[in-house]
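The structure under discussion appears below in the form of structure tokens.
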Amino acid sequence: MTDNAVIDAAEPQGTLALQTFSMPKDTNANGDIFGGWLVSQMDIAAGISSKRECQGRSVTVAIKEVNFIKPVGVGDVVSCYTQVVRRGRTSLDIAVEVWTTPFDLTKGVSKVGDGLFVFVAIDDDGKPRELPPQV
Ligand SMILES: CC(C)(COP(=O)(O)OP(=O)(O)OC[C@H]1O[C@@H](n2cnc3c(N)ncnc32)[C@H](O)[C@@H]1OP(=O)(O)O)[C@@H](O)C(=O)NCCC(=O)NCCS
């Protein structure tokens with residue numbers, strides 16, 4: 001990544017926010033998992049992290065970067081790890097790493113993607129609101 005927020009490491013960075021299976025319905029024309037599905041999982045994972053940080057409603061305002069490092073296969077266990085790397089007045093940046101455990105368990109875990117998502121805390125009218133103090 002070009003952003004310093006996500007650091008290359010041999011182990012997942014951040015907290016496990018979401019874990020799921022990749023299914024045959026999520027494949028692309030090559031038979032691997034469709035990138036859009038993976039981005040969706042990353043957005044959900046970041047959303048879970050954002051909800052906790054914002055203590056309420058928030059929305060994705062931008063995806064600053066997404067990298068697909070390795071293909072994801074059908075039946076892989078997909079794990080999304082999140083880390084809040086910047087807190088602004090109403091917005092926050094959340095780094096997401098995606099790691100997979102292949103269907104064939106002998107192959108070990110590997111990092112398959114990462115990204116940087118921006119969320120904004122919103123009030124009941126959908127307007128930005130100040131982030132609560134950090135817990
Ligand atoms: C998120 C939303 C409420 C922000 O409203 P806005 O009037 O643009 O808000 P502001 O200009 O006051 O910006 C609010 C914060 O967001 C940040 N921000 C706004 N647009 C941004 C962008 N494209 N990239 C990064 N940060 C952005 C601002 O820097 C500001 O951060 P700060 O308060 O920490 O300094 C509004 O754009 C919105 O509702 N967007 C749709 C969100 C949505 O539906 N997401 C789901 C995907 S479909």
Side-chain angles (χ1 to χ4, degrees):
M1 289 189 73
T2 51
D3 200 291
N4 291 333
V6 177
I7 303 150
D8 278 336
E11 289 184 354
Q13 300 295 295
T15 305
L16 181 63
L18 177 146
Q19 198 164 45
T20 187
F21 259 133
S22 48
M23 294 292 189
K25 68 177 174 54
D26 303 315
T27 51
N28 60 24
N30 303 324
D32 294 316
I33 293 302
F34 173 51
W37 179 83
L38 205 62
V39 174
S40 172
Q41 303 310 307
M42 295 167 83
D43 193 24
I44 294 168
I48 291 168
S49 175
S50 172
K51 187 175 177 63
R52 191 168 49 238
E53 196 75 13
C54 297
Q55 294 171 31
R57 289 177 68 183
S58 66
V59 282
T60 317
V61 72
I63 300 176
K64 280 188 179 169
E65 186 166 353
V66 171
N67 299 291
F68 301 109
I69 301 164
K70 290 181 184 173
V72 177
V74 172
D76 290 356
V77 175
V78 175
S79 304
C80 296
Y81 295 82
T82 60
Q83 214 176 356
V84 176
V85 293
R86 184 196 63 87
R87 282 172 62 94
R89 196 180 73 83
T90 67
S91 70
L92 63 163
D93 287 4
I94 300 176
V96 182
E97 288 193 2
V98 188
W99 289 68
T100 57
T101 309
F103 189 69
D104 175 359
L105 291 175
T106 59
K107 290 186 178 160
V109 298
S110 51
K111 183 175 168 182
V112 297
D114 57 29
L116 195 61
F117 290 68
V118 188
F119 277 73
V120 177
I122 54 167
D123 62 19
D124 289 344
D125 299 321
K127 303 288 182 216
R129 66 178 163 88
E130 275 190 40
L131 295 177
Q134 198 164 9
V135 282

Among residues at least two apart in sequence or on other chains, which ones pass side chain to side chain contact (heavy atoms under 4.5 Å, CB included) with Glu130?
Arg89
Is it the case that one hydrophobic cluster holds both Ile44 and Ile63, taking links as side-chain heavy atoms less than 4.5 Å apart, direct or via other members?
no
When you group the ILVMFWY residues by side-chain heavy-atom contacts below 4.5 Å and let the links chain together, are Val74 and Val39 in the same group?
yes
How far apart are the closest heavy atoms of Val96 and Cys80, and which atoms are they?
CG1-CB, 4.3 Å
Heavy-atom neighbours of Phe34 CZ exceed 12 at 6.0 Å
no
Extract all donor-acceptor atom pairs below 3.5 Å that involve side chains of residues 117-125 and protein atoms in other chains or at least two apart in sequence.
from   : atom 1 : to     : atom 2 : distance (Å)
Asp123 : OD1    : Asp125 : N      : 2.8
Asp123 : OD1    : Gly126 : N      : 3.1
Asp123 : OD1    : Lys127 : N      : 2.9

Check: Gln13 main-chain N/O paired with Glu97 side-chain donor or acceptor under 3.5 Å:
yes
If I take atom CD1 from residue Ile94 and atom NZ from residue Lys64, how far apart are they, to the nearest 0.5 angstrom?
11.5 Å
Check salt bridge (charged side-chain N to carboxylate O under 4.0 Å, His left out) between Arg86 and all other residues, then give those that pass, not counting sequence neighbours.
Asp93
Does the pair Val98 and Gln41 meet the rule for a side chain to side chain contact (heavy atoms under 4.5 Å, CB included), with working shown?
CA-CA 9 Å; Val98 188; Gln41 303 310 307; over 6 Å; no
Same cluster (ILVMFWY, side-chain, under 4.5 Å), Leu38 and Leu18
no
Does Thr101 have any side chain to side chain contact (heavy atoms under 4.5 Å, CB included) partners at least two apart in sequence or in another chain, and if so, which?
Val77, Leu105, Val109
Please examine the side chains of Ser49 and Thr15, heavy atoms only from C-beta on, and report whether any two atoms are closer than 4.5 Å.
no
Kindly state each residue pair satisfying side-chain hydrogen bond (donor to acceptor under 3.5 Å, both in side chains) with at least one member in residues 21-33, sequence neighbours excluded.
Asp26-Trp37
Which distance, rounded to the nearest 0.5 Å, do you find between the CG of Leu131 and the CG of Leu92?
6.0 Å
Shared hydrophobic cluster, Trp99 / Leu16 (ILVMFWY, side-chain heavy atoms < 4.5 Å):
yes
So how far is it from Thr100 OG1 to Ile69 CD1, rounded to the nearest 0.5 Å?
10.5 Å
Can you pull out every side-chain hydrogen bond (donor to acceptor under 3.5 Å, both in side chains) where at least one residue sits in residues 72-81? Sequence neighbours excluded, please.
Gln19-Ser79
Scan for salt bridge (charged side-chain N to carboxylate O under 4.0 Å, His left out) pairs involving residues 41-63, sequence neighbours excluded, and state none if there are none.
Glu53-Arg87
Tell me every residue that passes side chain to side chain donor-acceptor pair (under 3.5 Å) with Ser50, counting only those two or more places apart in sequence or in another chain.
Ser58
